[in-house]
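Order of the sequence lines fixes the chain letters, A, B, ..., with proteins taken first and strands second; residue numbering starts at 1 for each chain.
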2 protein chains.
Amino acid sequence: MAKTSVWRSIANALTAEIAAGHYRPGDKLPTEAELASRFGVNRHTVRRALQDMQEQGLTHARRGAGVFVLAEPTDYPIGKRVRFHQNLEAAGRMPAKRILTLQTRPCDKEEAGALQIAAGTPVHVYEGLSLADNIAIAIFRSVFSAERFPGLLGDLDHMKSVTRALAAAGVKDYTRASTRLTAKLATATQALHLNVAEGAPILRTVGINVDPDGCPVEYGHTWFVGDRITLVVEG
Amino acid sequence: MAKTSVWRSIANALTAEIAAGHYRPGDKLPTEAELASRFGVNRHTVRRALQDMQEQGLTHARRGAGVFVLAEPTDYPIGKRVRFHQNLEAAGRMPAKRILTLQTRPCDKEEAGALQIAAGTPVHVYEGLSLADNIAIAIFRSVFSAERFPGLLGDLDHMKSVTRALAAAGVKDYTRASTRLTAKLATATQALHLNVAEGAPILRTVGINVDPDGCPVEYGHTWFVGDRITLVVEG
DNA sequence: AGCTATTTGTCCGTATGTATG
DNA sequence: ACATACATACGGACAAATAGC
């Protein structure tokens with residue numbers, strides 16, 4: 001059990017209050033002095049917490065004015081002409097893959113919506129690390145319907161390939177229906193696995209793969225190390 | 001001219017020394033106390049600089065051991081099957097565009113290589129801000145050959161559209177030949193324009209647009225606000 | 001316009017905790 | 001066990017930008 005520092009717990013408390021809607025985007029947070037008084041700490045301890053939140057893009061400080069909550073992230077549609085067909089296995093450049101977790105659990109609402117299944121339905125979750133030249137390149141998480149693919153977990157375990165495991169389950173081909181790209185900052189857990197600093201730039205892709213009938217088969221997240229990686233896309 | 005703080009100049013000095021190869025990846029930097037003595041500042045001022053470098057993924061501190069230089073960034077090719085056809089004008093969702101700079105200057109080596117022209121050849125540089133709902137979405141920079149498009153600057157100025165300006169110059173259609181995606185951290189200038197915190201996550205795309213003959217016509221960079229937007233790509 | 005109080009930014013100094021070697 | 005080195009927290013002081021009068 002890691003003892004959490006005071007500034008980190010303050011950052012968590014303020015983040016939770018923003019998430020709960022206590023402070024809305026555009027709102028001004030209490031002054032550093034007020035927060036220091038409220039939490040019973042020195043102003044610098046509050047500053048450290050606010051700095052952390054600012055690095056995560058949650059807040060923004062304006063000297064002389066105050067600390068303000070930034071706007072909620074909004075999606076930005078590029079349009080139908082945009083195509084981003086991503087298939088890491090097809091790249092032929094994935095020398096190593098390390099399995100972090102393989103488990104079956106009830107899906108949450110987001111996963112249910114992506115896979116078009118009922119919430120709470122069991123799903124297989126495959127989390128792992130992609131390495132190239134023994135350097136961590138990305139963390140990925142793939143979610144599949146456990147009802148549709150009963151034996152997928154065992155196939156993934158020894159095949160270590162989503163494509164081949166799906167092929168064994170009868171899905172000969174699948175295509176990327178949609179991909180969303182965002183830049184994020186590395187969390188502590190991600191930083192640990194990817195061997196980067198906490199707060200390092202991360203390129204996150206969220207995608208849905210569908211079979212030839214258009215039925216979703218995989219809901220995948222990938223977190224690439226931003227500064228260590230450039231996705232080179234040739235059309 | 002903005003007065004740079006002491007910790008920032010220290011961070012710049014150390015970053016330059018790493019870039020110059022004075023410290024190689026894996027090397028241990030001098031201790032905070034030694035650096036404080038060398039720069040004639042308090043240890044906390046050095047810490048602020050080291051923290052900034054760590055956030056950028058340049059260094060990593062291990063308590064009790066020291067501060068170490070991380071590995072150099074490397075490119076990561078995905079492969080030829082990957083397609084990412086991006087055209088912001090085709091999205092139909094770019095309500096506002098603000099011109100930051102319009103100028104003609106000699107191109108550098110990188111631009112020369114991308115546009116397949118000789119180094120030092122004059123190029124038109126179009127820098128601007130993309131806004132949606134009066135919120136800054138991205139900074140872009142487009143570079144064109146000035147010899148091939150003599151009157152482009154004026155067209156860009158009043159059309160405010162790359163597509164229409166190129167059409168006026170005889171390029172009826174152009175396609176994205178390649179795009180490279182990277183996650184970055186916002187620089188001070190970018191943070192200012194995009195109204196985000198310095199160090200906020202930035203999604204950078206670097207692309208080359210070619211005419212139907214395959215000849216490069218535009219070399220473009222775009223810096224999206226990572227947390228404020230998600231690139232939604234539908235295939 | 002100026003002026004003033006407020007608020008964040010920077011820098012210093014000190015002390016103590018915690019992990020490393 | 002010990003010295004070293006980074007992590008955290010406290011305190012004070014002044015500068016710089018902002019907001020309100």
Side-chain angles (χ1 to χ4, degrees), chain A residues 1-14 23 26-55 57-70 188 191-192 195-199, chain B residues 1-14 23 26-70 186-189 191-193 195-200:
Chain A
M1 182 75 177
K3 198 182 301 178
T4 48
S5 50
V6 175
W7 69 260
R8 198 169 288 277
S9 61
I10 291 176
N12 288 337
L14 291 174
Y23 299 110
D27 282 2
K28 181 180 167 302
L29 291 183
T31 65
E32 294 174 349
E34 285 169 349
L35 289 173
S37 166
R38 170 186 155 189
F39 289 106
V41 297
N42 189 273
R43 178 183 154 226
H44 289 302
T45 306
V46 169
R47 278 185 64 74
R48 185 66 187 85
L50 290 173
Q51 188 185 345
D52 184 71
M53 295 169 69
Q54 180 158 337
E55 284 158 16
L58 265 171
T59 59
H60 184 242
R62 283 170 53 211
R63 166 162 16 180
V67 179
F68 299 86
V69 179
L70 287 181
L192 185 68
N195 195 29
V196 297
E198 195 173 336
Chain B
M1 183 77 179
K3 197 184 301 178
T4 47
S5 50
V6 176
W7 67 263
R8 197 169 289 277
S9 62
I10 291 176
N12 289 337
L14 291 175
Y23 299 109
D27 282 2
K28 180 179 166 302
L29 291 183
T31 66
E32 293 174 350
E34 285 169 350
L35 289 173
S37 167
R38 170 186 156 190
F39 289 106
V41 297
N42 189 273
R43 182 181 149 233
H44 287 303
T45 307
V46 170
R47 277 185 64 75
R48 186 67 187 86
L50 289 173
Q51 187 185 344
D52 184 72
M53 296 170 68
Q54 179 158 338
E55 285 157 16
Q56 294 184 29
L58 265 172
T59 60
H60 185 244
R62 284 171 52 210
R63 162 155 33 179
V67 178
F68 299 86
V69 179
L70 288 180
T187 65
T189 314
L192 185 69
H193 282 125
N195 195 30
V196 297
E198 195 174 337

message: Please confirm whether the shortest side-chain N or O distance from Arg62(A) to OP1 or OP2 of dA19(D) is below 4.0 Å.
response: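 Looking at the OP1 and OP2 atoms of dA19(D), one of them is under 4.0 Å from a side-chain N or O of Arg62(A).
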- prompt: Rounded to the nearest 0.5 Å, what separation is found between the CD atom of Glu32(B) and the OG1 atom of Thr45(B)?
  reply: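 Atom-to-atom, Glu32(B):CD and Thr45(B):OG1 are 11.0 Å apart.
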- request: Quickly work out the Lys28(A) NZ to dT18(D) C1' distance and round it to whole Å.
  value: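 Between C1' of dT18(D) and NZ of Lys28(A): 11 Å.
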- prompt: With side chains defined as the heavy atoms from C-beta onward, is the minimum distance between Leu35(A) and Val67(A) less than 4.5 Å?
  reply: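 Answer no - side chains too far apart.
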query: Distance check: side-chain N/O of Arg48(B) vs OP1/OP2 of dC11(C), anything under 4.0 Å?
result: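 For dC11(C), neither OP1 nor OP2 has a side-chain N or O of Arg48(B) closer than 4.0 Å.
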query: Picking from dA7(D), dT18(D), dG9(C), which would you name as closest to the side chain of Ala61(B)?
result: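 Taking heavy atoms from C-beta onward, the closest nucleotide is dA7(D).
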message: What is the distance, to the nearest angstrom, from the CZ atom on Arg8(B) to the P atom on dA15(D)?
response: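 After rounding, the gap between these two atoms is 21 Å.
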- prompt: So which of residues 36-46 of chain A are in contact with DNA chain C, with a heavy-atom cut-off of under 4.0 Å?
  reply: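 Within residues 36-46 of chain A, the residues near DNA chain C are Arg43(A), His44(A).
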message: If I take atom CH2 from residue Trp7(A) and atom CZ from residue Arg47(A), how far apart are they, to the nearest 0.5 angstrom?
response: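 Here the interatomic distance stands at 14.0 Å.
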task: Find the distance between CZ (Arg48(A)) and NE2 (His44(A)) and round it off to the nearest 0.5 Å.
output: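 One gets 13.5 Å once the value is rounded to the nearest 0.5 Å.
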query: Applying a 3.5 Å limit to both distances, which nucleotide forms a Watson-Crick or G-U wobble pair with dC2(D)?
result: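 dG21(C) is the nucleotide pairing with dC2(D).
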query: Among dT8(D), dC11(C), dC6(D), which is the nearest nucleotide to the side chain of Ser5(A)?
result: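 When the side chain of Ser5(A) is considered, dT8(D) is the closest of dT8(D), dC11(C), dC6(D).
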Whole angstrom value for the distance that separates C1' of dG9(C) from CD of Gln54(A):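 One finds 11 Å between C1' of dG9(C) and CD of Gln54(A), rounded.
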task: Could you check how far CG of Leu50(B) sits from P of dT8(D), rounded to whole Å?
output: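 Atom-to-atom, Leu50(B) to dT8(D), this comes out as 14 Å.
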Rounded distance in Å - CG (Asp52(B)) to C1' (dG9(C)):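 One finds 14 Å between C1' of dG9(C) and CG of Asp52(B), rounded.
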- prompt: Can you tell which of dT18(D), dC6(D), dT8(C) lies closest to the side chain of Val67(A)?
  reply: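 The answer is dT8(C), which lies nearest to the side chain.
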Spacing between Arg63(B) atom CZ and dT16(C) atom P, to the nearest angstrom: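 Computing the Arg63(B):CZ to dT16(C):P distance gives 17 Å.
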message: Are the side chains of Thr59(B) and Leu14(B) in contact, using a 4.5 Å heavy-atom criterion?
response: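 They are not in side-chain contact.
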- request: Quickly work out the Arg47(A) CZ to dC10(D) P distance and round it to whole Å.
  value: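 Roughly 14 Å, once rounded to whole Å.
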task: Report the distance from atom CD of Gln51(B) to atom P of dT10(C), rounded to the nearest whole Å.
output: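 The answer, rounded to whole Å, is 11 Å.
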message: Rounded to the nearest 0.5 Å, what separates atom CG in Asp52(B) from atom CD1 in Ile10(B)?
response: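 It is 11.5 Å, given to the nearest 0.5 Å.
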- prompt: To the nearest 0.5 Å, how far apart are NE2 in His60(A) and CG in Leu50(A)?
  reply: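 Rounded to the nearest 0.5 Å, the NE2-CG separation comes to 12.5 Å.
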